2 protein chains.
Amino acid sequence: MKDRDSGEQPATSRVAGVAEVLGRRIAEGRYPPDSTLPTEPELADALGVGRNAVREAVKMLAGKGLLRTSRRAGTIVQPHAEWNLLDPDLLSWSLGSPQARERLLDELMDLRWMIEPEVAAKAARRATTVQCLRMWEAFEAMERERDDPVASIDADILFHRRLFEAADSRLLLSVFTAFSVLLRVNFATANEHDNAFVSNLEEHKAVLEAVQRRDADGAAAAMRKLLTNNRADIERVRAQSRGEMAQV
Amino acid sequence: MKDRDSGEQPATSRVAGVAEVLGRRIAEGRYPPDSTLPTEPELADALGVGRNAVREAVKMLAGKGLLRTSRRAGTIVQPHAEWNLLDPDLLSWSLGSPQARERLLDELMDLRWMIEPEVAAKAARRATTVQCLRMWEAFEAMERERDDPVASIDADILFHRRLFEAADSRLLLSVFTAFSVLLRVNFATANEHDNAFVSNLEEHKAVLEAVQRRDADGAAAAMRKLLTNNRADIERVRAQSRGEMAQV
DNA sequence: AGGCATTTGTGCGTATGTATT
DNA sequence: GAATACATACGCACAAATGCC
């Protein structure tokens, strides 16, 4: 959404657009914590929408912990600690600045190391046959779409999601959906490294086979191997891009 | 907030109240997924508020993934998969039904086992002296308030939060705030077991000391011990309450 | 300490889009 | 396929509260 729309029909709803604009500005620090936003009428005018749209967008952001409103004082940006970073919207808005992006990817990696091996083990213990089937479907999609960057990443994410579903925990599944947007960036980065996807496929297959033979420890180990290689790919790509930066 | 307020001043803001009422109803299944809510004027009338309050509350809930609005079709409840269960508000609304409560506590336990030992290790590696001090403060509050059920639990939660803060990951901190509402229920249950709190204090102290001497493995081990005993306390309380149920 | 300017809160009338008939 | 009814989307006007002078 532009700062001022000029007659084009809204592909997305108005409040969603306003929420995204404000959310991005807050995430990138243009409105820093403890500062007050422009007044609602000002924002409405600046964005070319009615005040109600602004109010509803503000309420959405307040629900995500980004804002707090009080009379007379205005709309105040909350400190970072109050933000619900596990909200997919907020997460995607936060990926704007490159340094925040890099840091979030590191933190994602830590979180994956804590959770995914255990999830694989859990899946090995509890997966139903139909859940195994669904995971094989996702794996086959990864193989089939290996040359399409977007589709292969979609399939990859779907694979991990199915694994979480097999672990049979709504809480864990919510954690996954929260960081799946980060996962997409992670995969996109890792796949810049050539040949990464081939070994990646092997590792996914190993996890899946361990799950199917109900080998919890084996599934966890296979997942750790997958994560190790993923981390290595990321490191390699980063080193490479830093090298290119230095050349220029 | 009652279904109809009768003149008392709003302790909480109006839209927050409406959002909570609707959120609870959705969480407890009174408005099941794919069903449509009553129309905005109906809701506004039924709740004794203006349409704008309803609209802003709906936008809040939509931001949490519970609702989707479209013209003419009305306000539709999203399927569970779309819900952002890691939102603290939604989590607390979901604790209404006892079976959901028990299941969420089990899932919380699994998640803690995956995350907290690693967080303790991370804290041991990265905690600054002032962060250590903050953790000691929280620990001392636990000791001081050991006879006050509410205050001791607050201090306990604060202790764990400070540990997460020391681990220095915004992502992990968000995970913590998400499940801290579950943690409260967990602690409240565990403390029904007499004498639980005494050993609990010892275990917290052990974690803290390991962190302070930068012993990552020791901190993780101490945290695992803490979690083991916490799980045992929960099990004991559950067995006890089931026994009482059987007696009656 | 008290009035006042300013900002969010609240409620309703109108516009717009969409599924149904 | 076009008219129509219905529900959300939108914008304005007024109320209330609260920080500042």
Side-chain angles (χ1 to χ4, degrees), chain A residues 1-22 25-26 31 34-78, chain B residues 1-22 25-26 31 34-78:
Chain A
M1 180 177 232
K2 311 282 176 35
D3 276 7
R4 203 168 249 293
D5 76 349
S6 348
E8 76 272 32
Q9 75 264 10
T12 172
S13 102
R14 230 116 128 185
V15 300
V18 174
E20 184 172 338
V21 170
L22 296 181
R25 288 184 187 172
I26 296 167
Y31 298 134
D34 293 321
S35 68
T36 68
L37 263 59
T39 69
E40 289 173 352
E42 280 171 358
L43 279 174
D45 190 53
L47 300 174
V49 298
R51 196 161 80 93
N52 238 336
V54 173
R55 286 186 57 73
E56 286 166 24
V58 165
K59 283 295 180 296
M60 265 187 64
L61 298 178
K64 297 177 192 298
L66 271 74
L67 294 175
R68 166 175 60 91
T69 63
S70 83
R71 282 183 150 132
R72 169 64 186 164
T75 305
I76 301 118
V77 179
Q78 292 273 63
Chain B
M1 181 181 230
K2 310 283 178 33
D3 279 6
R4 204 166 246 295
D5 75 349
S6 348
E8 76 271 32
Q9 77 265 11
T12 171
S13 100
R14 226 112 128 188
V15 301
V18 173
E20 185 174 337
V21 170
L22 296 180
R25 288 183 187 172
I26 295 167
Y31 298 135
D34 293 321
S35 69
T36 67
L37 264 59
T39 68
E40 288 175 351
E42 281 172 357
L43 279 174
D45 190 53
L47 300 175
V49 298
R51 295 228 310 283
N52 240 335
V54 173
R55 286 184 58 73
E56 286 165 21
V58 165
K59 281 296 179 296
M60 260 186 70
L61 297 178
K64 297 177 191 298
L66 272 72
L67 294 174
R68 166 175 62 89
T69 64
S70 82
R71 282 184 147 130
R72 169 67 182 155
T75 305
I76 301 115
V77 179
Q78 293 274 62

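Within every chain, numbering begins at 1; the chains are lettered A, B, ... in the order of the sequence lines, protein sequences first and strands thereafter. As the structure is a prediction and not an experimental result, all values here were calculated from the model.
- At a threshold of 4.5 Å between non-hydrogen side-chain atoms, the residues A:T36 and A:T75 do not count as touching.
- Here the closest non-hydrogen pair linking A:L22 and A:Y31 is CD2-CE1, 4.3 Å.
- B:R51 places its CZ atom 10 Å from the C1' atom of D:dC10, with the value rounded to the nearest Å.
- When atom types are taken as modelled, the side chain of A:K59 and the backbone of B:K59 share no donor-acceptor pair closer than 3.5 angstrom.
- Side chain of A:R72, nearest nucleotide from C:dA15, C:dA5, C:dG9: C:dA5.
- Among the nucleotides D:dC10, D:dG11, D:dA9, the one closest to any side-chain atom of B:E40 is D:dA9.
- DNA chain D is contacted by both A:G50 and A:A73; A:G50 maps to the nucleotide lying nearer its 5′ end (nearest heavy atom per residue).
- The separation between A:L43 atom CG and C:dT8 atom C1' is 13 Å, rounded to whole Å.
- Residue A:N52 places its side chain closer to D:dG11 than to any other of C:dG9, C:dA15, D:dG11.
- Between atom CG of residue B:N52 and atom CZ of residue A:R51 there is a gap of 9.0 Å, rounded to the nearest 0.5 Å.
- Here the nucleotide nearest the side chain of B:R71, chosen from C:dT10, C:dT8, C:dA15, is C:dA15.
- Across all their heavy atoms, A:M60 and B:G63 have their closest contact at CE-CA, 4.0 Å.
- Rounded to a whole Å, the CG atom of A:D45 is 13 Å from the C1' atom of D:dG11.
- Annotation: the span from B:L47 atom CG to B:E42 atom CD amounts to 11.0 Å, rounded to 0.5 Å.
- When distances are taken from the side chain of A:T39 to each of D:dC10, C:dT8, D:dC6, the shortest belongs to C:dT8.
- Contacts between residues 56-70 of chain A and DNA chain C, defined by a heavy-atom separation below 4.0 Å, involve A:K59, A:T69, A:S70, listed by number.
- Contact annotation: A:T75 does not reach the phosphate of C:dT7 (side-chain N/O to OP1 or OP2, under 4.0 Å).
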